[in-house]
Amino acid sequence: MDMPSATNRNFIEQIIDADIASGKWGQPGDGSVVTTRFPPEPNGYLHIGHAKAICLNFGLAEQFGGRFLLRFDDTNPAKEEQEFVDSIVGDVRWLGAAWAGEVRFASNYFDRMFGWAVELIEKGLAYVDQQTPEQIRTGRGSVTEPGVNSPYRDRPASESLDLFARMKAGEFEDGAMVLRAKIDMASPNMNLRDPVMYRIVNAAHHRTGDTWHIYPMYDWAHGLEDSIEGVTHSICTLEFENHRPLYDWFIDAINEGRSEPIRHPQQIEFARLEPTYIVTSKRKLKQLVDDGHVSGWDDPRMPTISGLRRRGFTPESIRIFTEATGVTKYKGTHDVGLLENAVRDHLNKVAPRRMAVLDPVKVVITNWAEFGQAGRTEYHEAVNNPEDESAGTRKVPFTGELYIEREDFMEDPPKKFFRLGPGREVRLRYGYWIRCHDYVKDDAGNVTEIRCTFDPQTKGGNSPPPDAEGKVRKVKGTLHWVSAEHAVDAEVRLIDRLFTVEQPNRAPKDAPADWSFLDVLNPDSMRVIASAKLEPAILETAGEPTWRDGIRRFQFERLGYFCIDADSDPNEKLIFNRTVTLKDRWAKVKRK
RNA sequence: GACCCGAUAGUGUAAUGGUAGCACCGCAGUUUUUGGUACUGCUAGUUCAGGUUCGAAUCCUGGUCGGGUUACCA
């Protein structure tokens, strides 16, 4: 466990420091001092924003030697499904957040919550309201006008008790009545205007089946779930700030007159993660899937955990990103470039290098036969990872016919273009130095073949020996390449940002009235390359790191980081997703 | 026009009454068998107006701007 550092503490760490100093939750070191949780509703897939909540809560428990819990807030049977429970559990595990004990469910506490609700009725702090939903809504007033009391507000407790029991027994239709807390219909905080605690839902619950006909509302249930589980710091997002007084009221109401009060966790709100070029609203993500803009919830362009995973992001990179964005109450937007940097950083250290040519053009070595048999293959040693010597080396086959990247050749290159052109010499990485003396074009003007000579003194890509005057020849550029004869074909999916603007959530100033976030979808977010040419070592796993999630990731030299897609079949068709490009200084030079 | 919350380089975050730092971006350079990596340097900031104080990003008052709140969702 990392000891908390004395400085640079975020505001939540500072609160916990103070709680530990005051002994609020027990003595330091007894394991009760910090208990956090991630409390998702199982009604959808997790996204990058949830990842931050998970990493934050898990990280705090880890840092302070406490416990982190995973609890499903399954209080609405109409929306929730086992399928989502399974995917969420898998995502949290993949992120590396280890929860204490079993996975927990709010539905396991329904009996206790019901008992406390009965106590509140008996204390005169709750009542059964038989108004229609519309009447309740209008009776609540507005942000500028107070509400009015329900005609059922002062009915005898015995009457409410009887109706509440019958609600539970399933005697009434959905919406016939609700249980409400009796607080203050004129409160400036709308959440305190006699909030609903229970509503009738005659629907099967994914865990409790047909046992219940009433289900607790979030505001009533959530604080109780935390209390039951011994949570100390209930961390949630900013929009629940106005709910905290209610959460506190409920616990105080239960504890009124109780000899052994139930635990009163402290709710702390922080600003949710909002990365640029990304939408996280469940509605919008669903629309992207339903309208077929992406192939599914795990499309590698999606900001879902499953999408990021499929795209090749590592749990480490997501953790680093969520930490880099900080913990505050200020709602800013977070540069998605940080996430891209985080994965580059991580993969740079651990991903094996391979060579892949995405847009191949043929290179013929015209003097190949002068130095040996024309059809010979040489095997040159190539470093697997210059950042990690222990990753070892591999052999790459070199022959007289190769592929290089089409954009690495120009017929009439500018001075700053360090690559191949007529008369120019470049290094083929781990190959030889070659010089172009001719090229062939088809009728359409496309270059179909580049003719070069190689220098046998530069084997492995090494510099030639000094000339008679002691001068060593130099090249400015190094290209990646693949032997034509040995090339392995693969499909490569070039993934890019899904949106073209930083804030796809916001309509631009001059936007038409019917503007939609779909208008700023990036039409080029996924370019599929049907047959890229890869070096044959890609077919062997020897020397690759063991990835905890089993996803094989590589750096294709000079191009970026790629992983093998879930659709890939090693016997049929290899498919790669581009996680992120390498930084590209040439692209900047070119723009000028 | 009610209530709650917030505001520090372009972006994100530290400094909690005592020299405004850090990261990313951007710009310039060094190294380099990836125009990658690594390294060096540079640019640039306390929302405004008062007040308290020897001293204010920090405390107080007021303004401005931004966000949230009016489900029988969570």
Side-chain angles (χ1 to χ4, degrees), chain A residues 7-11 14 39-41 43-44 73-76 78-80 129 131-133 136-138 140-147 174-180 187-193 195-201 214-215 217-219 221-222 236-245 269 271 276 282 324-335 337-338 340-342 344-345 348-349 353 355 382-383 386-387 416-419 427-431 433 458 460-463 475-480 502 555-560 581-590:
Chain A
T7 55
N8 288 2
R9 321 231 66 210
N10 67 51
F11 82 102
Q14 291 178 28
E41 182 186 20
N43 72 341
D73 203 358
D74 54 347
T75 56
N76 186 352
K79 292 188 172 182
E80 297 153 6
D129 192 346
Q131 292 183 103
T132 64
I136 289 178
R137 182 161 15 89
T138 53
R140 198 166 347 246
S142 74
V143 290
T144 49
E145 305 155 46
D174 287 12
M177 56 193 76
V178 293
L179 184 71
R180 286 232 258 175
S187 171
N189 182 343
M190 300 294 294
N191 297 121
L192 264 26
R193 318 248 263 226
V196 173
M197 296 165 63
Y198 279 91
R199 77 288 212 192
I200 298 170
V201 183
I214 55 172
Y215 290 89
M217 300 291 292
Y218 171 88
D219 280 329
H222 200 80
C236 64
T237 45
L238 249 27
E239 70 268 29
F240 293 105
E241 231 160 6
N242 291 339
H243 296 236
R244 177 156 30 93
E269 308 87 11
T276 52
K282 202 168 275 177
T325 52
V327 182
T328 65
K329 301 188 74 154
Y330 173 71
K331 288 186 71 164
T333 54
H334 306 96
D335 188 351
L338 286 178
E340 295 166 352
N341 281 345
R344 281 191 194 105
D345 247 27
N348 177 49
K349 294 190 190 89
R353 271 55 168 175
M355 290 197 283
V383 172
E387 307 292 317
K416 288 205 168 179
F417 186 79
F418 301 153
R419 308 176 186 182
R427 168 190 293 115
L428 294 181
R429 190 152 161 88
Y430 306 123
W433 290 20
T458 58
N462 292 313
S463 298
V475 285
K476 291 278 258 184
T478 299
L479 309 186
H480 61 275
E502 276 196 22
Q555 183 196 100
F556 289 168
E557 297 237 9
R558 302 209 304 135
L559 296 175
T581 61
L582 254 30
K583 281 190 187 158
D584 186 358
R585 283 188 77 81
W586 167 239
K588 278 182 198 169
V589 175
K590 209 161 47 172

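Here the structure is a predicted model, which is why all the values come from computation and not from measurement. Lettering of chains follows the sequences in order, A, B, ..., and the numbering in each one begins at 1.
Across all strands shown, A/Thr478 has heavy atoms under 4.0 Å from sugar-phosphate atoms exclusively, and none from any base. Residue A/Asn348 is classed as a base contact, given a heavy-atom separation below 4.0 Å to a base. At the heavy-atom level, A/Thr132 lies under 4.0 Å from base atoms of the strands shown. Residue A/Asn43 is out of contact with every strand shown, counting any heavy-atom pair closer than 4.0 Å. Here A/Arg558 lies in heavy-atom contact (under 4.0 Å) with a base. Within the 4.0 angstrom heavy-atom criterion, base atoms lie near A/Gln555. Residue A/Tyr215 is classed as having no contact, given no heavy-atom separation below 4.0 Å to the nucleic acid. Counting any heavy atom pair closer than 4.0 Å across all strands shown, A/Thr276 reaches no nucleic acid atom. Within the 4.0 angstrom heavy-atom criterion, no nucleotide atom of any strand lies near A/Leu238. Using a 4.0 Å heavy-atom cutoff across all strands shown, A/Arg344 reaches no nucleic acid atom at all. Using a 4.0 Å heavy-atom criterion, one finds that A/Val178 contacts the bases of the nucleic acid, with or without backbone contacts as well.
Closest to the side chain of A/Asn76, from the set B/C72, B/C73, B/C5, is B/C73. Closest approach to the A/Leu338 side chain among B/U37, B/U70, B/C24 is made by B/C24 (side chain taken as heavy atoms from C-beta onward). For A/Lys583, the side-chain atoms get nearest to B/U37 when compared with the rest of B/C72, B/U37, B/G68. Between B/G35, B/G68, B/C25, one nucleotide has an atom nearer to the side chain of A/Lys331 than all others, and that is B/G68. Nearest to the side-chain atoms of A/Lys588 among the listed nucleotides B/C27, B/U34, B/C25 stands B/C27. Among the nucleotides B/A74, B/U69, B/U34, the one closest to any side-chain atom of A/Tyr218 is B/A74. Counting only heavy atoms from C-beta on, A/Thr333 has its side chain closest to B/U11 among B/U8, B/G36, B/U11. Nearest nucleotide to the A/Asn8 side chain, out of B/A14, B/U11, B/C72: B/A14. Comparing B/A15, B/U11, B/A74 by their nearest atom to the side chain of A/Gln14 picks out B/A15. In the set B/G36, B/A14, B/C5, the nucleotide with an atom closest to the side chain of A/Asn10 is B/A14.
Distance A/Leu479 CG to B/U32 P: 19 Å, rounded to the nearest Å.
Taking for each of A/Tyr430 and A/Gly337 the nucleotide of RNA chain B with the nearest heavy atom, the 5'-most of the two is the partner of A/Gly337. Take the nearest nucleotide of RNA chain B for A/Ile136 and for A/Val143: the residue whose nucleotide is more 5' is A/Val143.
Between the side chain of A/Arg137 and the base of B/U70 there is no donor-acceptor pair of N/O atoms closer than 3.5 Å. In this model, a side-chain donor or acceptor of A/Arg419 finds a partner on the base of B/G35 within 3.5 Å. Taking only distance into account, the side chain of A/Glu241 never meets the base of B/U69 through a donor-acceptor pair shorter than 3.5 Å. Residue A/Glu239 places no side-chain atom within donor-acceptor reach of the base of B/U69, judged by atom type and a 3.5 Å distance cut-off alone.
Checked by atom type and distance alone, the side chain of A/Arg137 never pairs as donor or acceptor with a backbone atom of A/Thr132 at under 3.5 Å.
Remark: ring of A/Tyr330 not stacked against base of B/G6; the cut-offs of centroid gap under 5.5 Å and plane tilt under 30° are not jointly satisfied.
With its glycosidic angle more than 90° from 0, B/A20 adopts the anti conformation.
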